[in-house]
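Just so we're clear, the structure is a prediction, and the values are computed from it rather than from any experiment. Order of appearance sets the numbers: ligands from 1, and atoms from 1 within every ligand.
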Amino acid sequence: MTGWYTAPMTAQLIDGKALAAKVRDEVKVQAAELTSKHGRPPGIAVVRVGDDPASHVYVTSKEKTARELGFGSWHHHFPATMAQAELLAIVQTLNADPLVDGILVQLPLPKHIDTNLVLATVDPSKDVDGFHALNAGLLSQGRPGLTPCTPSGCMRMLKEIDFDVTGKNCVVIGRSNIVGRPMAMLLLNASATVTICHSKSDVAAEVRRADVVVAAVGVSKLVKGEWVKPGAIVIDVGMNRGADGKLSGDVEFEAAKERAAWITPVPGGVGPMTIAMLMQNTVTAARARLTR
Ligand code: NAP
């Protein structure tokens with residue numbers, strides 16, 4: 001008997017932890033090749049201002065990963081009272097340092113510092129976060145440049161499951177410069193049909209017709225499982241810390257996984273990919289500088 005019953009679907013997980021390990025292995029090989037060919041490893045400098053505990057965790061993890069991959073790695077930490085002019089001078093010193101291929105200014109910066117001015121001061125060829133307006137412009141024109149790490153990680157996940165976004169309805173929820181906008185541009189550059197949602201959008205209506213949903217909002221479980229189109233791919237960028245200390249995503253995971261074909265968990269999904277892609281960007285920046 002066929003045709004009257006469709007078994008409920010349980011999504012396959014896209015394992016960000018395993019994929020990030022694979023990316024790191026690839027980057028390690030590329031870094032070793034560059035080191036043996038050019039006599040020095042790729043180098044990344046991280047600048048941190050103030051004592052934000054989350055920033056401390058991220059920076060420690062970035063440094064550890066960089067060292068494991070054989071990179072040169074420098075961490076410059078300054079008090080929250082640091083003057084903006086001093087920070088700009090540090091960035092300019094790193095711009096001029098021939099051993100530094102990648103500069104990362106950990107955000108958020110203290111309120112008295114103009115974040116846009118600091119990001120604009122980073123040499124675009126060393127902008128491994130991909131936040132400089134020049135790199136954002138190149139991305140929006142579909143030209144090569146350094147692209148933000150979290151959206152690049154999401155694209156790598158789609159590649160890993162061998163999903164071709166050409167002509168597919170891809171809905172990105174969130175329009176931040178760090179995730180939503182560059183994510184939409186990467187999808188558009190890969191010939192997807194892209195919709196960007198934000199706080200004024202009818203998110204439910206857009207998600208219902210999406211072949212791919214990328215949620216980058218910062219509101220726990222905003223995307224209801226019942227909105228997900230059967231067979232869709234759900235990528236959850238959200239990292240929301242509950243009162244119980246537990247992390248949750250922007251998607252109602254348990255319900256969504258009964259309808260999606262593929263879904264990323266939180267934690268263990270997009271999160272681990274970000275640092276791996278940062279390391280990939282650093283090797284890309286190093287290669288471009290060493291071979292020009
Ligand atoms: P953000 O700068 O606060 O941007 C959030 C976006 O979501 C905004 O565009 C906002 O719309 C939109 N939004 C807010 N409420 C909404 C609603 N009810 N319906 C629809 N859209 C809504 O955040 P972000 O930096 O992009 O980060 C988003 C999430 O990703 C956070 O949970 C963050 O922790 C996580 N994140 C994870 C990683 C990672 O490595 N996994 C990296 C970066 C960020 P408006 O523009 O209209 O205000």
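- Contacts with ligand 1 closer than 4.0 Å are made by side-chain heavy atoms of V203 only, the backbone lying farther away.
- The nearest pair of heavy atoms linking I113 to M82 is CD1-O, 3.9 Å.
- Comparing heavy-atom distances from atom 35 (C) of ligand 1 across T264, V172, V237 singles out V237 as nearest.
- Under 3.5 Å, the side chains of S140 and R181 contain no donor-acceptor pair of N or O atoms.
- Using a 4.0 angstrom heavy-atom cutoff, C197 does not count as in contact with ligand 1.
- No more than 12 heavy atoms of other residues, nucleotides or ligands sit less than 6.0 Å from atom NZ of K221.
- Side-chain contact of Q30 with Q280: a donor-acceptor pair under 3.5 Å is present, judged by distance alone.
- Between K200 and ligand 1, no N or O atom pair is found at a separation short of 3.5 Å.
- Other residues, nucleotides and ligands place no more than 12 heavy atoms under 6.0 Å from the OH atom of Y58.
- Checked against a 3.5 angstrom limit, the closest N/O atoms of L222 and ligand 1 fall outside it.
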Please report the C-alpha distance between R48 and H76 in whole Å, then the side-chain angles of each, then the deciding distance to 0.1 Å, and finally whether the side chain to side chain donor-acceptor pair (under 3.5 Å) criterion is met.
-> CA-CA 6 Å; R48 179 163 70 99; H76 302 273; over 6 Å; no
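- Checked against a 3.5 angstrom limit, the closest N/O atoms of S176 and ligand 1 fall inside it.
- Contact between S201 and ligand 1 is absent, with no heavy atom of the residue lying under 4.0 Å from the ligand.
- The heavy atom nearest to atom 20 (C) of ligand 1, out of those in R181, R175, H198, is found in H198.
- Which parts of ligand 1 touch V179 is read off a 4.0 Å heavy-atom cut-off, strictly below it: atoms 26 (O), 43 (C), 44 (C).
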